[in-house]
Amino acid sequence: MINEEKVKIMTKLAMYEQGKGRKYLPVSRYYRSDYIGLALIKNFFLVTIGYVLIVAAVAVYFGEYLLENIHKMNLVALGAYIIIGYLVVLIVYSVLTYIQYSVKYHRAKKSVREYYGQLTSLSKIYVREERKASGKGAAGGYRK
């Protein structure tokens, strides 16, 4: 006999695993600090590459002016501006990344907690059915 409650729960679980679960289940395997730390490390490298590319593009765009006026420029101040700009961009993107991945982690944990709750209720149904099936056997004694 088919247990409708069990089928409904199994269907919900399968839909979750094919939908949100693909995004949230891998996140739930990390500790919060590890997940956010990995995101911040990735952010560091991507911001660094992006900033270097932008500075290089600006240098190429203003290349003629830079070559004509390089003897008049204060290169130490220019280098300081570039480094300070990099640090400001890195800090801003790091804060945004921290916030984004914290929210994403908490959403994933909440969603996976509900998923595990449904798994627990499915497990209880199986235990209940097993008890019911074992109770139909011989009363007392050993089973062969």
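Atom set for the values below is all heavy atoms of this structure, side chains included, hydrogens, waters and symmetry mates excluded.
- Note that NZ of Lys109 is 11.5 Å distant from OH of Tyr35, once rounded to the nearest 0.5 Å.
- Linking ILVMFWY residues whenever their side-chain heavy atoms come closer than 4.5 Å, directly or via other members, places Leu13 and Tyr116 in the same cluster.
- Residues passing the side chain to side chain donor-acceptor pair (under 3.5 Å) test with Tyr93, sequence neighbours excluded: none.
- Under the rule for a side chain to side chain donor-acceptor pair (under 3.5 Å), Lys8 has no partner lying at least two apart in sequence or in another chain.
- Put simply, Leu119 and Val112 are part of the same group of oily side chains (I, L, V, M, F, W, Y) that touch within less than 4.5 Å, one to the next.
- Evaluation of the side chain to side chain contact (heavy atoms under 4.5 Å, CB included) rule for Met15 yields Thr11 as partners, not counting sequence neighbours.
- Taking the side chain to side chain contact (heavy atoms under 4.5 Å, CB included) definition, one finds that Ile125 meets it with Asn3, Glu5, Lys6, Ile9, Arg128, Glu129, sequence neighbours left out.
- Closest approach of Pro26 to Gly21, counting heavy atoms only: CD-O, 3.6 Å.
- Under a hydrophobic clustering in which Ile, Leu, Val, Met, Phe, Trp and Tyr are joined whenever their side-chain heavy atoms come within less than 4.5 Å, directly or via other members, Val55 and Leu46 fall into different clusters.
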Show me the donor-acceptor pairs, under 3.5 Å and distance only, between side chains in residues 69-85 and residues at least two apart or in other chains.
unit_1: Asn69; atom_1: ND2; unit_2: Tyr65; atom_2: O; d: 3.3
unit_1: Asn74; atom_1: OD1; unit_2: Val76; atom_2: N; d: 3.4

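- Listed by chain and number, the residues in a salt bridge (Lys or Arg N to Asp or Glu O under 4.0 Å) with Lys110 amount to none (sequence neighbours excluded).
- Under a 4.5 Å side-chain heavy-atom cut-off, the cluster of Ile, Leu, Val, Met, Phe, Trp and Tyr residues that includes Leu53 is completed by Ile49.
- For Tyr31, the side chain to side chain contact (heavy atoms under 4.5 Å, CB included) partners two or more places apart in sequence, or in a different chain, are Ser33, Asp34.
- Taking Glu130 as the reference, nothing meets the side chain to side chain donor-acceptor pair (under 3.5 Å) condition, with sequence neighbours excluded.
- Legend: side chain to side chain donor-acceptor pair (under 3.5 Å) pairs involving residues 39-64, not counting sequence neighbours, sorted by first then second residue: Asn43-Ser94, Asn43-Thr97, Thr48-Tyr86.
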List the atom pairs, with distances to 0.1 Å, where a side-chain N or O of residues 100-108 and a protein N or O form a donor-acceptor pair under 3.5 Å, not counting sequence neighbours.
unit_1: Ser102; atom_1: OG; unit_2: Tyr98; atom_2: O; d: 2.8
unit_1: Tyr105; atom_1: OH; unit_2: Tyr30; atom_2: O; d: 3.0
unit_1: Tyr105; atom_1: OH; unit_2: Arg32; atom_2: N; d: 3.3

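- Here Glu17 pairs with Tyr115 under the side chain to side chain donor-acceptor pair (under 3.5 Å) rule; sequence neighbours left out.
- Placement of Ile36 and Leu38 within a single hydrophobic cluster is found when ILVMFWY residues are connected by side-chain heavy-atom separations under 4.5 Å, directly or transitively.
- In plain terms, the two heavy atoms of Ala59 and Leu66 that are nearest each other are O-CD1, 3.7 Å.
- Rounding to the nearest 0.5 angstrom, the gap separating the OH atom in Tyr16 from the CD atom in Gln118 is 9.5 Å.
- Phe44 and Ile91 fall into different hydrophobic clusters, where Ile, Leu, Val, Met, Phe, Trp and Tyr residues are linked whenever their side-chain heavy atoms come under 4.5 Å apart, directly or through other members.
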